[in-house]
Amino acid sequence: MTRTGAGKGAQSPGAGPPVRRGDPGLALTLDRGSPVPLYHQLAEQLTAAIERGSLAPGSLLGNEVDLAGRLGLSRPTVRQALRSLVDKGLLVRRRGVGTQVVHSRVRRPLELSSLYDDLETAGQSPTTRVLRNEAGPASAEVAAALGVAEGAGVHHLERLRFTHGRPVAYLTNYVPEGLLELDTGRLEATGLYRLLRAAGLTLHSARQSVGATAATAAEAARLGEPEGAALLTMRRTAYDHTGRVLEYGAHQYRASCYTLDFHLLARS
C-alpha cells in the first residue's frame with residue numbers, strides 16, 4: 001500500500017515554526033556564587049529545556065528586557081546567553097515576533113538503536129507518516145544487502161519521522177518478505193525495531209556507514225530544508241544473533257538538527 005499527501009505535522013519548506021505566545025514559565029535557577037558565568041548558566045538551562053521539549057519549537061522567550069527583569073540579570077548577560085543559542089541554531093530572532101525557539105537537536109548515541117526509541121527516550125515526542133508500505137522484487141543493491149537473490153520478494157518501507165511536528169528524517173527500509181507483518185497503522189504508532197522485537201526477532205549487530213549529501217529539490221521539500229542544504233546520510237544492515245539479515249536501511253537526516261554522539265577510547 002502506498003500513502004501520499006501532507007500530514008498534519010508537515011510544514012512548507014523554509015517556513016518558521018508556528019508562534020506560541022506567552023511566557024514559557026520555566027523554572028530557571030542561577031547560582032551567583034558559582035565560578036561558571038551567569039550567561040553560560042542561562043544558556044545551558046535554556047538548551048536543556050529545548051532539548052527535553054519543555055520549550056517547544058515556536059515558543060517565544062520574550063525580549064532581553066523582559067528576561068533580564070524576570071531573572072534579575074543585566075541585559076548584556078541575557079544578550080550573550082541568547083546569542084550563543086542563536087549561533088547554535090536553537091533560537092532565531094524574528095522581526096515583529098521576538099526571540100523564538102527553532103528546534104532542538106536530535107542527539108543519538110553510536111549504538112544499535114532505532115531513531116524512534118532514541119527520540120522517545122529524549123522526550124522528543126516522535127511521530128511517523130508512512131509514505132510507502134509495499135512488497136516487491138529486490139533490486140541488485142537491496143538483494144546484496146539482505147543476502148537474498150536479485151528479484152526476491154522484499155518489503156519496501158518509506159517513512160517521514162517528526163519531532164514536535166517538524167520532519168527530522170526520511171527513512172527507507174527493506175525487510176525480507178515474510179519476516180513479520182508490517183501494518184501501516186502500527187508503523188505510524190511505533191518504530192520498526194519495536195515491531196521486530198515484538199515479533200520475537202532479536203537485533204544483535206549491524207554494519208553502518210555515515211555520510212553526507214546536498215538536498216535535491218524533492219528531498220528539501222520533504223524535510224523542510226532549502227534546496228542544497230546538508231543532509232546526513234546513513235546506511236545500515238542489521239543482523240540477528242545467527243547472522244541473518246533483518247533489515248537494510250538507507251536514511252536521510254536534517255544535518256541542521258541532528259548530532260551523533262561518540263564515546264572514544266585511546267588505543268593502548
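Atoms considered below: every heavy atom in the structure, side chains included; atoms not considered: hydrogens, waters and symmetry mates. The residues of the chain are indexed from 1 along the displayed sequence.
- Here the side chains of Glu141 and Tyr248 are in contact, with some heavy-atom distance below 4.5 Å.
- Among residues two or more places apart in sequence or in another chain, the ring pair (Phe, Tyr, Trp, His ring centres under 6.0 Å) test is passed with His155 by none.
- Atom-to-atom distance recorded for Leu179:CG and Leu201:CG is 5.0 Å, nearest 0.5 angstrom.
- Rounding to the nearest 0.5 angstrom, the gap separating the CZ atom in Arg244 from the OG1 atom in Thr202 is 9.5 Å.
- For Glu227, there are no salt bridge (charged side-chain N to carboxylate O under 4.0 Å, His left out) partners at least two apart in sequence or on another chain.
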Under the side chain to side chain contact (heavy atoms under 4.5 Å, CB included) criterion, do Tyr239 and Arg207 qualify, and how do the steps go?
CA-CA 9 Å; Tyr239 307 85; Arg207 293 180 61 87; 3.7 Å; yes
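- Between the side chain of Thr47 and the backbone N or O of Ala43, at least one donor-acceptor pair lies under 3.5 Å.
- Atom CZ of Arg222 and atom CG of Leu231 lie 9.5 Å apart (nearest 0.5 Å).
- Counting heavy atoms from C-beta outward, Leu61 and Gln100 have side chains that stay 4.5 Å or more apart.
- A heavy-atom distance below 4.5 Å is not found between the side chains of Val101 and Leu85.
- Looking only at atom types and distance, the side chain of Thr128 has no donor-acceptor partner in the side chain of Arg159 under 3.5 Å away.
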Intermediate values then yes/no, side chain to side chain donor-acceptor pair (under 3.5 Å), Tyr39 and Arg79
CA-CA 8 Å; Tyr39 85 87; Arg79 184 181 304 119; over 6 Å; no
When you look at Leu73 and Gln41, which way does the side chain to side chain contact (heavy atoms under 4.5 Å, CB included) test go after all the steps?
CA-CA 12 Å; Leu73 297 173; Gln41 293 184 47; over 6 Å; no
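- The side-chain heavy atoms of Thr190 and Leu195, taken from C-beta on, include a pair separated by under 4.5 Å.
- The two atoms that bring Leu180 and Ala199 nearest to each other are CB-CB, 4.0 Å, heavy atoms only.
- To the nearest 0.5 Å, atom CG of residue Leu67 and atom OG1 of residue Thr99 are 7.5 Å apart.
- Contact between Ala238 and Leu203 at its shortest, heavy atoms only, is CB-CD2, 3.8 Å.
- Separation of atoms CG (Leu82) and CG (Leu46) is listed at 7.0 Å; rounding is to 0.5 Å.
- Residues Leu223 and Leu160 have side chains in contact (heavy-atom distance under 4.5 Å, counting atoms from C-beta outward).
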What verdict does the side chain to side chain contact (heavy atoms under 4.5 Å, CB included) test give for His251 and Thr233, after you've listed the backbone C-alpha separation in whole Å, the side-chain angles of each residue and the deciding distance to 0.1 Å?
CA-CA 6 Å; His251 303 164; Thr233 64; over 6 Å; no
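- Remark: side-chain polar atoms of Gln252 are not paired, donor with acceptor, to backbone N or O of Leu171 under 3.5 angstrom.
- Taking 4.5 Å as the limit, every side-chain heavy atom of Leu157 sits out of range of all side-chain heavy atoms of Glu247.
- For Gln45 (side chain) and Leu42 (main-chain N/O), no donor-acceptor pair under 3.5 Å exists by modelled atom type.
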Let's go through Asn133 and Thr184 carefully: what are the C-alpha distance in whole Å and the side-chain angles of both, what is the deciding distance for side chain to side chain donor-acceptor pair (under 3.5 Å) to 0.1 Å, and is it a yes or a no?
CA-CA 7 Å; Asn133 179 9; Thr184 294; 2.8 Å; yes
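- For the pair Asn173 and Gly249, the tightest heavy-atom approach, listed with the atom from each and the gap, is ND2-CA, 3.7 Å.
- Note that CD of Glu64 and OG1 of Thr77 are 10.5 Å apart. Values are rounded to the nearest 0.5 Å.
- Nearest heavy-atom pair, Ala214 versus Gly228, reported as atom, atom and distance to 0.1 Å: CB-O, 3.8 Å.
- Side chain of Arg254 to main chain of Pro167: a donor-acceptor pair is present (N/O by atom type, distance under 3.5 Å, no hydrogens or angles).
- Scanning both residues, Val148 and Ala138, for their nearest heavy atoms gives CG2-CB, 4.4 Å.
- Under the ring pair (Phe, Tyr, Trp, His ring centres under 6.0 Å) criterion, Tyr174 pairs with His156, sequence neighbours left out.
- Using a 4.5 Å cut-off on side-chain heavy atoms (C-beta onward), Arg235 and Gln208 make no contact.
- Here Arg83 pairs with nothing under the salt bridge (charged side-chain N to carboxylate O under 4.0 Å, His left out) rule; sequence neighbours left out.
- When all heavy atoms are compared, the tightest approach of Met234 to Val210 is CG-CG2, 4.4 Å.
- In this structure Glu158 satisfies the salt bridge (charged side-chain N to carboxylate O under 4.0 Å, His left out) test together with Arg132, sequence neighbours excluded.
- Side-chain contact check for Asp31 versus Val36: every heavy-atom pair is 4.5 Å or farther apart.
- For Asp66, there are no salt bridge (charged side-chain N to carboxylate O under 4.0 Å, His left out) partners at least two apart in sequence or on another chain.
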